[in-house]
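See below for the structure under consideration.
Numbers restart at 1 for each chain; the letters A, B, ... are given by sequence-line order, proteins then strands.
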There are 2 protein chains.
Amino acid sequence: MPTLLPVTACCEPLTQAPLSAEQAATFATRLKALADPARLRIVSLLAAAAEGEVCVCDLTEPLGLSQPTVSHHLKVLHEAGLVTRQKRSTWVYYAAVPAALEAIAEVLAPRG
Amino acid sequence: MPTLLPVTACCEPLTQAPLSAEQAATFATRLKALADPARLRIVSLLAAAAEGEVCVCDLTEPLGLSQPTVSHHLKVLHEAGLVTRQKRSTWVYYAAVPAALEAIAEVLAPRG
DNA sequence: CCCAACGATCGACGGCTGTCAATGGTGACG
DNA sequence: CGTCACCATTGACAGCCGTCGATCGTTGGG
């Protein structure tokens, strides 16, 4: 079963030392989760939501994708630790995880 | 023909406003270039190189990949603006572009 | 002039991935 | 209890992608 990636950074900064094959694989997994137009738009929609929470039914229309496709993308994002999932009665609310984005940014370009 | 992406940031921060389909597509292209274990290792090898320049023949062995495969990855990275290419006589030297990594990081998590 | 080394390109192949229609599970409500 | 909305899962399919072997252009050296 897919194990959720921890929010914490997975490796040292890219510019510091060469990545091992294992480090590169895990970091690539997280980057791949983000490297898709639909998923980038989902994350930006979640992050920009006023209430910070959005249900799936509110995403299909602005994205122009079918409901199963949106669910699939949300699953990928969730397994990568980039969004949180919370079910309340009939609706499932997703929210962005800013710390995960910051962790990725930190690996790419450590704060100066 | 593949047009090289400019080094400058392509969009506003993710957390600020929802991305348009076009913005998401171009940013995803650049992220995809980085979201691969081999290419991540290449970038880190280039960035960590003492002289800042590495030729293809020095990359095949530490990566454990064939020369055509390494050339392919370097082409992808070059078209994404993540590495520079400079041919001197027989050898071709590649170097990392730190500004490109910083531009990506800036979109993911703007530093305040 | 021929040869060797470097690097890019081509062609091919297997695997991964984004997408949808169809289906299933679950909670709300009359 | 029946029905409906929301969401996840499944199955299928086309397209993309990472990889390699083979080949080609180029440059430098005997």
Side-chain angles (χ1 to χ4, degrees), chain A residues 1-2 4 19 21-22 24-43 45-46 53-80 82-95, chain B residues 1-2 4 19 21-22 24-43 45-46 53-80 82-95:
Chain A
M1 296 304 294
L4 301 194
L19 260 57
E22 203 167 312
T26 60
F27 189 51
T29 298
R30 177 166 287 181
L31 270 186
K32 273 181 196 292
L34 211 52
D36 177 88
R39 292 196 284 268
L40 280 172
R41 296 189 74 191
I42 290 177
V43 170
L45 282 168
L46 295 184
E53 285 183 332
V54 174
C55 67
V56 181
C57 57
D58 290 333
L59 288 174
T60 56
E61 185 232 334
L63 292 174
L65 294 173
S66 70
Q67 177 265 318
T69 300
V70 174
S71 263
H72 164 68
H73 287 311
L74 285 168
K75 182 181 180 183
V76 174
L77 289 171
H78 184 236
E79 288 173 356
L82 291 166
V83 304
T84 59
R85 201 187 107 101
Q86 185 183 359
K87 178 169 184 176
R88 285 204 300 272
S89 76
T90 305
W91 289 269
V92 178
Y93 294 92
Y94 285 89
Chain B
M1 299 301 294
L4 301 193
L19 261 58
E22 203 167 310
T26 60
F27 188 52
T29 298
R30 177 165 287 181
L31 270 186
K32 273 181 196 294
L34 211 51
D36 177 89
R39 292 197 284 269
L40 280 172
R41 295 189 76 191
I42 289 177
V43 170
L45 282 168
L46 295 183
E53 284 184 332
V54 173
C55 66
V56 180
C57 58
D58 290 335
L59 288 174
T60 58
E61 185 233 334
L63 293 175
L65 295 173
S66 70
Q67 177 263 321
T69 300
V70 174
S71 262
H72 164 68
H73 287 312
L74 285 168
K75 182 181 180 182
V76 173
L77 289 171
H78 184 236
E79 289 174 354
L82 291 166
V83 304
T84 60
R85 201 186 107 102
Q86 185 182 359
K87 178 169 186 176
R88 285 202 300 271
S89 75
T90 305
W91 289 269
V92 177
Y93 295 92
Y94 285 89

Tell me which nucleotide among [options] gets nearest to the side chain of [X].
X	options	result
B/V56	D/dC7, C/dG7, C/dT19	C/dG7
A/L65	C/dC20, C/dG7, C/dC10	C/dC20
A/Q67	C/dG7, D/dC7, C/dT19	D/dC7

message: Here's one to test your reading of the geometry: is the NZ or CZ of B/R85 within 45 degrees of the ring axis of B/Y93 and under 6.0 Å from its centre?
response: no
field: B/Q86 atom CD: more than 12 heavy-atom contacts under 6.0 Å
entry: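 Above 12, so yes.
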Strictly below 4.0 Å: does [X] bring a side-chain N or O up to OP1 or OP2 of [N]?
X	N	answer
A/R39	C/dG18	yes
A/Y93	D/dC6	no
B/T69	D/dG18	no

- request: Check whether any side-chain heavy atom of A/Y94 sits under 4.5 Å from a side-chain heavy atom of A/C55, and report yes or no.
  value: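 No, too far: nothing below the 4.5 Å cut-off.
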message: Return whichever of A/T90 or A/H73 has its heavy-atom-nearest nucleotide of DNA chain C closer to the 5' end.
response: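 By nearest-heavy-atom nucleotide position, the 5'-most residue is A/H73.
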statement: Taking for A/K32 and for A/K87 the nucleotide of DNA chain C with the nearest heavy atom, the one nearer the 5' end belongs to A/K32
To the nearest Å, give me how far apart [atom1] ([X]) and [atom2] ([N]) are.
X	N	atom1	atom2	value
B/L59	D/dT19	CG	P	14 Å
B/K75	D/dC17	NZ	C1'	14 Å
A/R88	D/dC7	CZ	C1'	15 Å
A/W91	C/dT26	CH2	P	18 Å
B/D58	C/dA5	CG	C1'	13 Å
B/E61	C/dA5	CD	C1'	17 Å
A/L40	C/dG18	CG	C1'	14 Å

Shortest non-hydrogen contact between A/L40 and B/A24, atoms and distance: CD1-O, 3.6 Å
task: Taking A/R39 for its side chain and A/K32 for its backbone only, find out whether a donor-acceptor pair lies under 3.5 Å.
output: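 Judged by distance alone, yes, a pair lies under 3.5 Å.
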message: Applying a 4.0 Å non-hydrogen cut-off, can you work out what A/R85 is touching in the nucleic acid: base, sugar-phosphate, or nothing?
response: sugar-phosphate
